[in-house]
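In the text below, chain A, chain B and the rest are named by the order of the sequence lines, each starting its count at 1. These numbers come from a predicted model, not from an experiment. When reading the values below, keep in mind they use all heavy atoms of this one structure, side chains included, and skip hydrogens, waters and symmetry mates.
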Amino acid sequence: MKRKKILIVDDDEDVLLGLRVRLGARGYATVLAINAHWAIRVAQDEKPDLILLDLGLPDGNGFMVMEKLKQINGLASIPIIIVSARPLEVYKDAALLGGAKGYFQKPFDNEALLAAIHKELAGPVATPESNSNSTTWQLTRN
Amino acid sequence: LEDAKYRVVTSIVVIDTPDTDQATDTEKVVAEVSRKVTDLMDQIGTAKLKVNDVIKRDLISAMSREVRTPLNVVMGYAGILHDKLLGALNPEQEKAIGKVIGQTNDLSLIMSNIFETHWIDSGTAKAERHEIHVVGLLSELKSAYDFPLGKSVRIDWDYPADLPAIMSDAAKIRVILQNLISNGLRFTQEGVVTVSARYVSETSRLEFDVTDTGIGIPGESLEAIFEKFRQLNLSGGSILSGMGLGLYLVRTFTKLLGGIVSVHSEYGKGSIFTVSFPVARADTVVAAPHDVMSLPNTQVSVASASEEGPDDNILNRREL
């Protein structure tokens, strides 16, 4: 099965690297973009299956990137999940209205983000590694 | 006009109109001008408050961004190390990274509680309705606590694997549970914090219990613990750490979801916090996928958002 490809757009290199390692461990291929300009370029060149998009970018913002992608043939239907430090109380509704599939506020929960990605892509080759050493796990009811 | 005394409080001008109706035209004009100045100052005051609100909102937004961004990087890298995605760790390293994650989670919760409280105060807090897989949500939360707690306390998770998908607000439920767990861990030196969940089909309610074997809460404090900035003041006079926002948010968000929080505690033995709120099962709902329940404008109307009525009913004390 071909690995699903995710474009990560964030102006913070550490966020890009962290997500690349995390997503790579779950079997996803990743491509990275550090600003709005490169987000559009890489999306055109790489045709990712999903985009994780920051809102605050040095040469624009995530809303602008979403609008541009919508106008490009073949890119308009790529699911986009916003990952931003901006308060969701202010930006989430606008992001969803703009076509985003989800809004994760930094610091985000890894498992919740991975679950949302998984849901959008409907099942990549996922091998959860982070849950292997749970010691206090119990299912006593029922 | 006759018996009024006009004082422009922030300036040195104090005009007392005479008691008699012999006031001269000049005095009347002065009084009128003085009244206009007072009105104007009231308007300036109101405008200033509005500007303050905007500044405060922008400041909170900027602060939220500036704090969340580095916190996100620290948590991202710590998680990657902890999950051994960059290679094996020796036991000391594992313990160290567990400490980093634990402390960062605490810091993150404190910061997020401050921001959540701000959104409540500014009337922006709202509960959404989207499909939630409760088992998924609990297992995400469980993995966030999957590190050594640094004392002889463990967290047990106790819920059926067939909890239904429901329509509610995952972010609010997460804040409620994180704060109850954090509260349980803080007040338990030894023993177990148990998180359990059930769906009661007869009443269509989702219920969570967070039980601890900690110090417990004296009866007279049971109501006060849900107040904002209120912390438990022990008999020895020592106030335990914390901001006093966690349980306040638990109660406010539970109300926002239309539910109630109850607490049952025995001093010296431990406490049980139960959160119960009505939910629609996702498989029976044909509504729009992204409803929003936006009720509160002030804290007072947050209280009225509860289906259970007035404030004093919110806290159901039960006997052991």
Full working for side-chain contact (heavy atoms from CB on, under 4.5 Å) between K126(B) and E89(A): CA-CA 8 Å; K126(B) 60 191 176 190; E89(A) 288 79 0; over 6 Å; no
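Scanning all heavy atoms of the two residues, the minimum distance from P107(A) to N72(B) falls at CA-OD1, 3.4 Å. Summarising the geometry of G76(B) relative to R22(A), their closest heavy-atom pair is O-NH2, 4.5 Å, with the distance given to 0.1 Å.
For S64(B), the parts sitting under 4.5 Å from any heavy atom of chain A are the backbone and the side chain alike. For A112(A), the parts sitting under 4.5 Å from any heavy atom of chain B are the backbone and the side chain alike. Of the atoms belonging to E66(B), not a single heavy atom falls under 4.5 Å from chain A. Using a 4.5 Å cut-off between heavy atoms, L141(B) does not touch chain A at all. Interface remark: V90(A) contributes side-chain atoms only to the contact with chain B (heavy atom separation under 4.5 Å).
Atom OG1 of T69(B) and atom CZ of R86(A) lie 10.0 Å apart (nearest 0.5 Å). Interatomic distance, CH2 of W119(B) versus CG of L88(A), reported as 9.0 Å (0.5 Å rounding). Taking CD1 of I80(B) as the reference point, atom CG of L17(A) lies at 8.5 Å (rounded to 0.5 Å). One distance of note links CG of L85(B) with CZ of R20(A); it measures 14.5 Å at 0.5 Å rounding.
Residue E190(B) qualifies as open at atom CD: its count of foreign heavy atoms under 6.0 Å is 12 or below. At most 12 non-hydrogen atoms from other residues, nucleotides or ligands lie less than 6.0 angstrom from NZ of K95(B).
The backbone N or O of K106(A) lies less than 3.5 Å from a partner atom in the side chain of R68(B), making a donor-acceptor pair.
The side chain to side chain donor-acceptor pair (under 3.5 Å) analysis of residues 31-57 of chain A, with sequence neighbours excluded, yields the pairs K5(A)-E46(A).
In this structure, the salt bridge (charged side-chain N to carboxylate O under 4.0 Å, His left out) partners of R174(B), at least two apart in sequence or on a different chain, are D109(A), E140(B).
For the pair E128(B) and K92(A), the salt-bridge criterion is met [side-chain N within less than 4.0 Å of a carboxylate O].
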